[in-house]
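For reference, the structure is listed below as structure tokens.
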Amino acid sequence: MMTCIVLDIDDTLYLERDYVRSGFRAVDRWVAGAIGVSGFFDRAWKAFETGSRGDIFNRCLAGTGVDAPGVIEQMVGIYRSHAPDITLLPDARRFLDRVSGGRLAVITDGPLASQRAKADALNLRAWADPIVFTAEHGPGFGKPSPRSFQLVADRLKAQENECCYIADNPAKDFQGPKSLGWRTIRIRRRGGLHAERAGTSDIDLEIESLDSLFPAGRSLVIATASHA
Ligand SMILES: [Mg+2]
């Protein structure tokens, strides 16, 4: 019986693009006030929407005449520490409410300040314990390492055949839990940043909505939706 459900956060429980948009707004307010640069948000969002990743802040400052050392660092700090305007997707909210009371945990990679702010904004502590921020545990602990998954299984006193990880990124999310014998479910959301990636052999089941795990009139089907 599947009794231990572990969830990713970004693009699993809410859309990461909403976090990006919220972060750009926070940075926009700062650059407008602190260094007098206007229009940051529109430029940054356009860059994101057209596929830029990783160098958007630099690109958006280029041509503004701002060349103060440390400005980019401050922008990154504001982006990561801002209180994000994000909400649980409706199916995620329904899912959490339906499985509430059982063993439910979260494992998330990413900068600690950002991931904590997201967990707070989504009020995940109301449903999940533990919430494992892999960044808190030092190098080598993040996905695809199985270490965070083993930590959760130990904390919840769960056997491997009771555990399931639900996440969105085939590049790193499923290798660790699968190596421990967990079931793995990929949620492939419209608008998800990794939605276009091809699936991998360590994924047992792919769904587009968490509602699929609760077919009408039936209880959670994670345990019976076997690939075998
Ligand atoms: Mg994710």
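Indexing begins at 1, ligand by ligand and atom by atom, following the structure's order.
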Heavy-atom donor-acceptor pair, Y79 side chain to S22 backbone, under 3.5 Å: no
Nearby protein N/O/S atoms (those under 2.8 Å) for the Mg ion (ligand 1), with water ignored: D8 OD2, D10 O, D168 OD1
Ring geometry between F41 and F24 (parallel below 30°, tilted from 30 to 60°, perpendicular above 60°): perpendicular
Option among T200, D173, D204, D202 that satisfies the side-chain hydrogen bond (donor to acceptor under 3.5 Å, both in side chains) test with K178: D204
Crowding at NZ, K172 (>12 non-hydrogen neighbours, <6.0 Å): yes
side-chain hydrogen bond (donor to acceptor under 3.5 Å, both in side chains) partner of R188, chosen from E196, E206, H194: E206
Ring center gap for F149 and F174 short of 6.0 angstrom: no
